[in-house]
Amino acid sequence: MGAVDGEQRVVRVLPDVVGIDKEFDYLVPEGVDVHIGDVVRIQLGGRRVGGWVTGLDVEPAAGVALRPLARVSGRGPAPELIELAGWAAWRWAGRRAHLLRTASPPGVVRSLRLGPDDAVVTAPRPEAEHGAPPDGSGAGWIDEALSSAHGVLRLPPGADRYPLVLEAGRRPGITLVLCPSVADAQVLGRRLRRDGVRTAIVAHDGPGAAATGEWAHAASGRAQVVVGARAAAWAPAPDLGRVVVLDEHDEVYQQEQTPTWHARDVAVERAGRASVPCLLVSPCPSLEALAWGDLVTVDRGTERAGWPRTEVVDQRDLDPGLGPLFSPALVELVRGEGRVVCVLNRTGRARLLACAACSTLARCEVCDAAVSLEEPAGGPEDEAGSGSGPGPELVCGRCGTRRPVVCLHCHASRFKNLRLGVSRAREELEVLAGRAVVEVTAAAEVDDATLAEAPLLIGTEAVLHRVARADSVAFLDFDQELLSTRYRASEQAMAMLARAARLVRRGADGRGRLLVQTRTPDHQVLVATRAADPGRLAETERALRPVFNMPPAVAMAIVSGQAAPDFMAGFGHPDRVRVEGPVDGAWRLRAPDHEILCDALAAVSRPAGRLRIEVDPLRA
DNA sequence: CGGACAAGCTGA
DNA sequence: CAGCTTGTCCGG
């Protein structure tokens, strides 16, 4: 479409400036080729800024003198991604520019035309081999999962997902695969390439030129599989055939800064708009996934075999002499042959209280979260006496229920604090094990060889991310996870066990196992893990969320920041949205669904100043 | 967002 | 009232 009758073409441009969520029209200089999504530079209000072309051959607003595009830098997100960004901006109450940056190449892509026949969209691809799954795995679930339009595939941690991805990649149309980390994506992508599948590994970090090249490769339509981490939900994939999200339950899929978009939800929406199947894969599918799709499971025997043996130790029964962290089972484990990873989350969580008499943890009688001790005035905090009058109380950090300082199990009224750090635990463990113990936290500098070979390690949750293989994983004090006041505590604890299970999978002779020390051995998470059946936990959790008005039973948002009072004044009290707060300057909004919540948020004009709108907060 | 410009404050 | 700060508006 060239210029008509010598009239100059006019395009619409969204500036890449957060704070200007508005489009402007520009003239296209003679002989310049532009496409929707192209990255351009424009003169705007006395300065030169970047932007994206969002409309071609538009009718310019009357009575404005148009300026020409200063420059067309290169290719950008395809039209459907521009639209998807509009949707996501609504869904997470953010700015389109934020999302379009993620959808744009990390560097300049001048053209997608690499060859003389410059096929941009549909490079010919060998006919897909239908039928038998690769490498004779004969797994019917691969076919079942890939033929579901809204599939949620529950695969145990030990299961190999590669045959599924390979088969997906061989089917017609481009397969977009999301992994929790860039490292996972690289491993997967290289393996696909070795197997002859043309693969683009998209990532925004790493060497700029290489990353840009991968983006262009994906955008050219020549890759059969496009694989990447969170941001790859926005990767180019012309002729999209299906989307696969691996470990969809993983919280890294949610962006921490606002807009707090979630790659799984973007992937689902993207597939839906393209009318292609989306498959969410996880050992422990999120409630969000289960609410969205159709659950596909492998047979009971396969799932059971894909979880390691799990031993639960009740810390209430332990000999006080050794301290609560070192059960006989743990001592035996660390003195034994195999490679052992010990996990102790010590960082800044609420302190746990245990009954001084019977060691039972102080938990909320309503919702089971850990409770803390609240003194009426500025009284002492370490020891809770009975006392009279307005004495201290146990308060639930999750649902706010209060009760007198009495143990639910033995009715004693004295509690002790439990608090132990990794460093001290490491020293004690070294003595007990009679050999060196390596400490691994997120910050600790530990070289790769040590991570790969040290026979005995201890660390916070980070150790599960940094170590690839072990014969056993021991959680020294799992109640830190189980009883956290975050409403997703149980799901997060289950995810952590699944991650640990992957470390010990296929331990030679299947001797790998998990050891979990706890004061709540009958917790649903542990019941589900021992049964190798995360569905049990999902059932209980799904029933609880409506009771506490928590996602996914409701749609929720937190509004905070300096401009929050202004924003909330404009927000008012829309129908069917419950407004609570402010608590510490933050409001909490809840609605029956996102349609209602996000429409209400979008109806308010943003005041100037710092404003944080966190839709689907992980903690609330 | 950041530049332009207008209205408001301060000091001689 | 010049000179500067603070606030509001708008960009093609």
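Chain identifiers are assigned alphabetically (A, B, ...) following the order of the sequence lines, protein sequences preceding nucleic acid strands; residue numbering begins at 1 within each chain.
Separation of the A:Trp87 and A:Trp261 ring centroids does not fall under the 6.0 Å cut-off.
A:Ile42 places its CD1 atom 14 Å from the P atom of B:dG2, with the value rounded to the nearest Å. With rounding to whole Å, A:Gln43 atom CD is found 15 Å from B:dG2 atom P. One interatomic measurement links the two molecules: NZ of A:Lys22 to P of B:dG2, which rounds to 17 Å at whole-angstrom precision. One interatomic measurement links the two molecules: CG of A:Leu611 to P of B:dC1, which rounds to 11 Å at whole-angstrom precision.
Between A:Arg502 and A:Asp247 there is a salt bridge, with a side-chain nitrogen of the basic residue lying less than 4.0 Å from a carboxylate oxygen of the acidic one. Contact check on A:Arg222 versus A:Glu214 returns no salt bridge, with no Lys/Arg side-chain nitrogen under 4.0 Å from an Asp/Glu carboxylate oxygen. Ion pairing between a basic and an acidic side chain is recognised when a charged N comes within 4.0 Å of a carboxylate O; A:Glu23 and A:Arg96 show such pairing.
In summary, contact between chain A and DNA chain C, defined as any nucleotide atom under 4.0 Å from a heavy atom of the protein, begins and ends at C:dG11 to C:dG12 in the 5' to 3' direction.
Under the rule for a ring pair (Phe, Tyr, Trp, His ring centres under 6.0 Å), the partners of A:Trp292 that lie at least two apart in sequence or sit in another chain are A:His150.
Crowding of A:Glu251 atom CD: a count of heavy atoms from other residues, nucleotides or ligands under 6.0 Å exceeding 12.
Nucleic acid contact for A:Gly19: base, since at least one base atom lies under 4.0 Å from a heavy atom of the residue. Among the protein residues, A:Ala65 comes within range of the sugar-phosphate backbone only, with heavy atoms under 4.0 Å from sugar or phosphate atoms but none that close to a base. Counting non-hydrogen atoms under 4.0 angstrom, A:Arg47 reaches a base of the nucleic acid.
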